Amino acid sequence: MHDLKMVRDQAAALRDGMRRRGMLDQLEPVIARLELLDRDRRLAIQAVEERKAARNAASQEVGRRKKAGEDATDLQAQTRALGEEIARLETELQETEGALQKGLYEIPNITLPAVPAGDEAQNTVVRSWGTPRAVDGVKPHWEVGEALGLFDLARGAKISGSGFIVYRGAGARLVRSLMNLMLDLHTRDHGYEEVWVPVVVNRASMTGTGQLPKFEDDMYVLGDEQGFLIPTAEVPLTNLHREEILDASQLPMAMCAYSPCFRREAGAAGKDTRGLLRVHEFDKVELVRYCRPEDGAAQLELLTGHAEQVLQLLGLPYRVVLLAAGDTGFSSAMTYDLEVFSPGVGKWLEVSSCSVFTDYQARRAGIRFRAEKGEKPQFVYTLNGSALAFPRVIAAILEHGQQADGSVIVPEALRRYVGLDVLR
RNA sequence: GGACAGGUGGCCGAGUGGUUGAAGGCACCGGUCUCGAAAACCGGCGUACCGGCAACGGUACCGUGAGUUCGAAUCUCACCCUGUCCGCCA
């Protein structure tokens, strides 16, 4: 969420930000309306507060007179009338503020200057690592995985529905191994605090990170509509210090968590969804950081590097893509996608998305810090990134490590966790 | 799930329907004193919004929301959360 002052004082920058996302035409009416509502709001506040001040003074006078044994019925009548007027004006004010907030929720974050303007055609590969394996003769992971008995798509569909995966035997151990490898790396080498989070969160948390109110259709909602299954550990991790004022010495804060992630993927069907490529429940290790505003850009590079390290350890060729403004997520100011090459599918698969949200999420979630004693609190910058999402990593392992006899070489860093050198 | 008890500033804790944004204490910050420190003493010490160049003024906030009242931290109702006991349970 943007600061209302943005609309008031930096409307040009806001419009330019929307133009870079290719959304200005669509959002111009919203912005114009917000400018009007902002004026209305301030006028309404002044009107209400003026009357409240009068009422407070009169009420005190009533109290004084009563104490002195004097009559105050005239003042009481006058104050009652003021009260009715206040109630009416406040209702109007609330309507204005409701409309204002609704409008603010519709405006995405402004991307950083380094982000190319335009749609996804302007996405830029900023670097790549490793050499993708030749596509010829490589079977897609769903064939390999089922042949080796690592996972069972049909039975997953039977017990839960399409898009739910059952991993079995070495496949199940592979999942557990990925969790351990990633958490060990980030906690031991990258300095993250390990956190184990609930996978059910409340409405306030979902709103704090921006999944609600806009994306409720993508969520699994519990029966009482108060609980939601998390679509990513970003939600509980980022909300951990919601509505708090942190001490500057706590920054930067770095947390990581494994969690299952639940996504209804409403409306998503067709190609690109086979095998493990797009499922309703998957596992992921997530990194979240809070930092001071001036560190935001550097912290994004750092966090992205941490995610890349996992791919390097696993020996999986990947590229880092800087998303163009139009392809950058709603709340994000700058995003790097990590894409691993899938020779069996012949495509680059997104396995991580690393973003800095500037103060956009923090404002919404009320995460602040005090730079110096006595100074005003200010919003932190929040960042997050997957490091990594398991299913596509598993797909890449099965395709890259594939041998002529159908067996799969286990990446060296994973062997001590899996207890096997080769899956056969 | 049931029965009680309770939710006040960073923490502890007082609070009578009316000059209470809220006593007192702790912590913290500045100062005096000291060679230095401690102690003592003096002062400061919440957040947000509105107006104002500023000084400053105004408004709101005592778990959340609604209500009663001229006026609510204080009274009423609902909800949320915490504690204790009972029941159930991995």
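Numbered from 1 within each chain, the chains take letters A, B, ... in sequence-line order. We use all heavy atoms of the structure for the numbers below, so side chains are in, but hydrogens, waters and symmetry mates are not. What you are looking at is a predicted structure, and each value in this text was computed from that prediction instead of being measured.
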Taking the nucleotide of RNA chain B with the closest heavy atom to each, which residue, Leu4(A) or Val48(A), is nearer the 5' end?
->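 Counting from the 5' end, the first nearest nucleotide belongs to Leu4(A).
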
By nearest-nucleotide position on RNA chain B, the 5'-leaning member of Thr79(A) and Ala54(A) is Ala54(A)

Between Tyr360(A) and His2(A), does the ring centre distance come in under 6.0 Å?
-> yes

Would you check if Thr382(A) and Val288(A) make a side-chain contact, meaning some heavy-atom pair closer than 4.5 Å?
->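 They are not in contact (no side-chain heavy atoms under 4.5 Å apart), so the answer is no.
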
Does some side-chain heavy atom of Phe228(A) sit less than 4.5 Å from a side-chain heavy atom of Leu212(A)?
->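 Heavy-atom side-chain distance check passes, below 4.5 Å.
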
Under 4.0 Å, heavy atoms only, any strand: does [X] hit a base, just the sugar-phosphate, or nothing?
{"X": "Arg51(A)", "answer": "nothing"}
{"X": "Ala53(A)", "answer": "sugar-phosphate"}
{"X": "Arg39(A)", "answer": "nothing"}
{"X": "Lys66(A)", "answer": "base"}
{"X": "Arg370(A)", "answer": "sugar-phosphate"}
{"X": "Arg64(A)", "answer": "nothing"}
{"X": "Ile45(A)", "answer": "sugar-phosphate"}

Rounded to whole Å, please give me the gap between [atom1] in [X] and [atom2] in [N].
{"X": "Glu243(A)", "N": "U64(B)", "atom1": "CD", "atom2": "P", "value": "12 Å"}
{"X": "Glu49(A)", "N": "G57(B)", "atom1": "CD", "atom2": "P", "value": "15 Å"}
{"X": "Arg41(A)", "N": "A48(B)", "atom1": "CZ", "atom2": "C1'", "value": "10 Å"}
{"X": "Arg42(A)", "N": "U59(B)", "atom1": "CZ", "atom2": "P", "value": "20 Å"}

C62(B) and G21(B), which share atom name C1', separated by this distance in whole Å =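 Looking at atom C1' only, G21(B) and C62(B) are 9 Å apart.
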
Should G7(B) form a Watson-Crick or G-U wobble pair with both distances under 3.5 Å, which nucleotide is its partner?
-> C80(B)

Under 30°, 30 to 60°, or over 60°: which ring-plane class applies to Tyr192(A) and His190(A), parallel, tilted or perpendicular?
-> perpendicular

Within the modelled atom types, does a donor on one side and an acceptor on the other bring the side chain of Gln46(A) and the base of G51(B) under 3.5 Å apart?
-> no

Do Asp283(A) and Tyr258(A) get their side chains close enough for a donor-acceptor pair, meaning under 3.5 Å?
->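 Side chains of Asp283(A) and Tyr258(A): pair found under 3.5 Å.
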
